[in-house]
Amino acid sequence: MYDIMTTHNPKGKPSQNASEDEREAMRTQMEAERTEQETKIKTLLTDAQKNKYDNYLANRPKEMSNRRNANHSK
């Protein structure tokens with residue numbers, strides 16, 4: 001397992017000194033962990049809840065983009 005903390009500063013943000021390969025490894029690990037977490041959550045949900053959760057996941061990038069744009073326009 002890739003140790004994500006070795007290339008992070010104390011605030012948990014990726015180190016500016018991390019190589020592109022290290023950043024890609026961190027990104028890959030985070031995506032795998034997010035997928036695993038989503039799968040575990042779905043095992044606890046009813047079918048109706050799964051549909052709502054899937055819609056939430058599908059719209060999350062758009063919502064995040066809207067928030068980012070709103071914050072930058074201030």
Side-chain angles (χ1 to χ4, degrees):
M1 178 189 242
Y2 185 79
D3 184 4
I4 199 166
M5 295 308 291
T6 60
T7 55
H8 277 62
N9 66 24
K11 292 184 179 181
K13 295 183 180 178
S15 170
Q16 292 179 352
N17 296 328
S19 71
E20 186 61 34
D21 289 340
E22 290 171 324
R23 289 175 191 260
E24 183 61 33
M26 287 186 279
R27 191 175 304 115
T28 300
Q29 180 184 357
M30 289 187 303
E31 288 173 2
E33 289 172 358
R34 184 174 27 251
T35 300
E36 180 182 351
Q37 181 182 29
E38 290 170 2
T39 300
K40 287 179 180 179
I41 289 171
K42 286 181 181 183
T43 63
L44 303 172
L45 302 176
T46 65
D47 287 339
Q49 290 171 325
K50 286 178 189 176
N51 288 334
K52 287 182 180 182
Y53 186 63
D54 287 336
N55 286 332
Y56 161 76
L57 293 175
N59 291 317
R60 185 171 51 183
K62 180 181 173 186
E63 295 293 327
M64 291 173 67
S65 177
N66 290 343
R67 260 185 262 138
R68 256 184 264 127
N69 291 337
N71 288 335
H72 288 289
S73 64
K74 290 182 180 179

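Note that the coordinates shown come from a computational prediction; the quantities given were computed from them, not determined experimentally.
Proximity of a side-chain donor or acceptor of Thr39 to a complementary backbone N or O of Thr35 within less than 3.5 Å is detected.
Of the inter-residue distances, the one linking Glu22 atom CD with Ser19 atom OG reads 3.5 Å to the nearest 0.5 angstrom. The CZ atom of Arg34 sits 10.0 Å away from atom CG of Leu57, with the distance rounded to the nearest 0.5 Å. If you take OH on Tyr56 and CD on Gln49, they are separated by 15.0 Å, rounding to the nearest 0.5 Å. Within the model, atoms CG of Asn66 and CD of Glu63 stand 5.5 Å from one another, a figure rounded to the nearest 0.5 Å. Rounded to the nearest 0.5 Å, atoms NZ (Lys50) and CG (Leu44) are 9.5 Å apart. Between Tyr53 atom OH and Leu45 atom CG the span is 7.5 Å, to the nearest 0.5 Å.
Using a cut-off of 4.0 Å between Lys/Arg side-chain N and Asp/Glu carboxylate O, Arg23 and Glu20 are scored as not salt-bridged. Using a 4.0 Å cut-off between charged side-chain N and carboxylate O, Glu36 and Lys40 make a salt bridge.
With a 6.0 Å radius and a threshold of 12 heavy atoms from other residues, nucleotides or ligands, Gln37 has its CD atom at or below the threshold.
Checked by atom type, the side-chain pair Gln29/Glu33 shows a donor-acceptor distance below 3.5 Å.
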